[in-house]
Protein chains: 2
Amino acid sequence: MTDEVRWLDADEQTWWRAYLRANREIDAALDRDLACHGVSLSEYELLSMLSEAEGRRLRMSALAELIVQSRSRVTHTAARLERRGWVRRTPAPDDGRGVVLELTPDGLAAVERLALAHVASVRRHVVDVLAPSQFRALGEAMATVRAAYAADPTTPPTPCDPR
Amino acid sequence: MTDEVRWLDADEQTWWRAYLRANREIDAALDRDLACHGVSLSEYELLSMLSEAEGRRLRMSALAELIVQSRSRVTHTAARLERRGWVRRTPAPDDGRGVVLELTPDGLAAVERLALAHVASVRRHVVDVLAPSQFRALGEAMATVRAAYAADPTTPPTPCDPR
DNA sequence: GTGCGGTAGTTGACGGTTCAACTATGCCTC
DNA sequence: GAGGCATAGTTGAACCGTCAACTACCGCAC
């Protein structure tokens, strides 16, 4: 394999930058819209995954994988949510190392309230500004990226390879 | 207008989550690949915009807008890069309030080195795993989102509206 | 030319995220 | 059943980003 650099061509460059920047704008917008209600997007995602899970409970690591965050981050976020009484930690019955995180009734009420605001925000900034076929294409492209990422053998971080 | 909630349907839900998660994975992957070389993605973006600018210099606020970051964040990031000698602050000639950020020769050398790693990373995780038409669709959808965002009259943050 | 509202950028404190080190448990092998 | 490696989760420090307050300057109005 040669070491020649395959730069992006002009179109690719344009699309890539559109992605990067829209991305930042979307994140900022969603976060801002949720901030009004006192949570960040990542807190909301955690709560939301819990609320859909069987028994409204999930293992910490399952949660981390679902929302694509580090275990450490999930620990900290869960701690914050626990302080609010929205979430409760219990030992996993089948694995002495494990912890099951459970949504409390207060937590459930909160997610349900937040979901209203959030879905409106997602529609306003993304879904409703795209033609259905465009949104579908977006979703499918991103799913493809995920699949490739999951299939990449080097995915869990090879420590570093500064060449 | 009714207050009825328009939830996402099953497909929309799937696409939206694919977006959110792929997004996190892409960010993490790009950041990790750059971290090997000692910079974060947002530092790289700043350097990269500077390197393409006329005279390799840009006003702070132009930079902030280009890379979709708060002015404050750009100040902090620039301060870090200045400590490394990659970037230099100079007063704007035409506006006593302004600051022009300039890439130093060391900074230029750094971006050029980083760009090699970065383009490979972008290709590996995104561009090359998509069919060209898919990548195009992704880019165009994101450009549409940006355009809508820019056109949204409430865009610069209405402080809050907790309903 | 004084006052005034708006823009450019910085600052420091706060809070969230990351990272590396650590504890504790599971599991496999001999 | 003891040793050893892997996994689950936590912890605290360092780092980065956000936010609100602040300085300084612009430009307009009168």
Side-chain angles (χ1 to χ4, degrees), chain A residues 23-25 27-36 38-46 57-84 87-102 156-160, chain B residues 24 27-36 38-46 57-84 87-102 156-160:
Chain A
N23 206 4
R24 284 256 170 76
E25 288 171 349
D27 259 23
L30 298 181
D31 240 335
R32 192 168 57 236
D33 291 346
L34 279 171
C36 295
V39 295
S40 65
L41 180 55
S42 68
E43 288 167 337
Y44 174 76
E45 283 184 88
L46 189 157
R57 26 173 57 245
L58 280 173
R59 283 287 292 268
M60 294 294 280
S61 45
L63 202 43
E65 211 167 317
L66 270 176
I67 61 183
V68 190
Q69 296 185 8
S70 68
R71 291 198 311 280
S72 168
R73 183 171 174 181
V74 171
T75 295
H76 286 301
T77 305
R80 246 176 293 137
L81 295 174
E82 195 173 23
R83 256 175 261 132
R84 294 197 184 187
V87 119
R88 185 169 34 230
R89 243 176 250 284
T90 61
D94 56 324
D95 183 341
R97 300 165 299 180
V99 169
V100 171
L101 201 67
E102 188 186 340
T158 307
C160 198
Chain B
R24 285 257 169 77
D27 259 22
L30 298 181
D31 240 335
R32 192 168 57 234
D33 291 346
L34 280 171
C36 294
V39 295
S40 67
L41 180 56
S42 69
E43 288 167 337
Y44 174 75
E45 283 184 88
L46 189 157
R57 26 172 57 246
L58 280 173
R59 285 286 292 268
M60 294 294 278
S61 46
L63 202 43
E65 210 165 317
L66 269 175
I67 60 182
V68 190
Q69 296 185 9
S70 67
R71 290 198 313 279
S72 168
R73 182 172 176 181
V74 172
T75 296
H76 287 301
T77 305
R80 249 176 291 138
L81 295 173
E82 195 174 23
R83 257 176 261 133
R84 294 197 185 187
V87 121
R88 186 170 32 231
R89 243 176 249 283
T90 62
D94 55 322
D95 184 340
R97 300 164 298 178
V99 169
V100 171
L101 201 65
E102 188 188 341
T158 308
C160 200

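Below, read A as the first sequence line, B as the second, and so on, with proteins coming before strands; counting in each chain starts at 1.
- Closest to the side chain of His76(B), from the set dA13(C), dA8(D), dA20(C), is dA13(C).
- On a pure distance criterion of 3.5 Å, no polar donor-acceptor pair joins the side chain of Arg73(A) and the base of dT17(C).
- Looking at Asp94(A) and Arg59(A), their side chains come closer than 4.5 Å, going by heavy atoms from C-beta outward.
- One interatomic measurement links the two molecules: CG of Asp94(B) to P of dT7(C), which rounds to 17 Å at whole-angstrom precision.
- Following rounding to the nearest Å, Ile67(A) (CD1) and dT17(C) (C1') show an atom-to-atom distance of 13 Å.
- With rounding to whole Å, Arg83(A) atom CZ is found 10 Å from dG15(C) atom P.
- Panel note: side chain Arg71(A), backbone Ala64(A); no donor-acceptor pair is recorded below 3.5 Å.
- Look at Arg97(A) and you won't find any side-chain N or O under 4.0 angstrom from OP1 or OP2 of dT23(C).
- One can place CG of Asp95(B) at 7 Å from P of dG27(D), the figure rounded to the nearest angstrom.
- Note: CG (Leu81(B)) to P (dT10(C)) measures 13 Å, nearest angstrom.
- At least one side-chain nitrogen or oxygen of Arg80(A) sits closer than 4.0 Å to the OP1 or OP2 atom of dT17(C).
- Using a 4.5 Å cut-off on side-chain heavy atoms (C-beta onward), Glu45(B) and Thr77(B) make no contact.
- Here dT25(C) presents its P atom at 17 Å from CZ of Arg71(A), a figure rounded to the nearest Å.
- Distance CD (Glu82(A)) to C1' (dT10(D)): 13 Å, rounded to an integer number of Å.
- Phosphate proximity of dT10(D) to Arg89(A): present, with a side-chain N or O under 4.0 Å from OP1 or OP2.
- The shortest distance between side-chain heavy atoms of Arg84(A) and Val39(A) falls below 4.5 Å.
- Within the nucleic acid shown, Ser61(A) comes within 4.0 Å of sugar-phosphate atoms alone, with no base atom in reach, counting heavy atoms only.
- If you measure from atom CG of Asp31(A) to atom P of dG15(C), you get 16 Å, rounded to the nearest angstrom.
- When the nearest nucleotides of DNA chain C are assigned to Gly98(B) and Ser70(A) by heavy-atom distance, the more 5′-ward of the two goes with Gly98(B).
- In this structure, Ser42(A) reaches the dT17(C) phosphate: one of its side-chain N or O atoms is under 4.0 Å from OP1 or OP2.
- Side-chain to base pairing of Ser72(B) with dT11(C): one donor and one acceptor N or O lie within less than 3.5 Å of each other.
- The shortest side-chain heavy-atom distance between Leu101(A) and Arg89(A) falls under the 4.5 Å cut-off.
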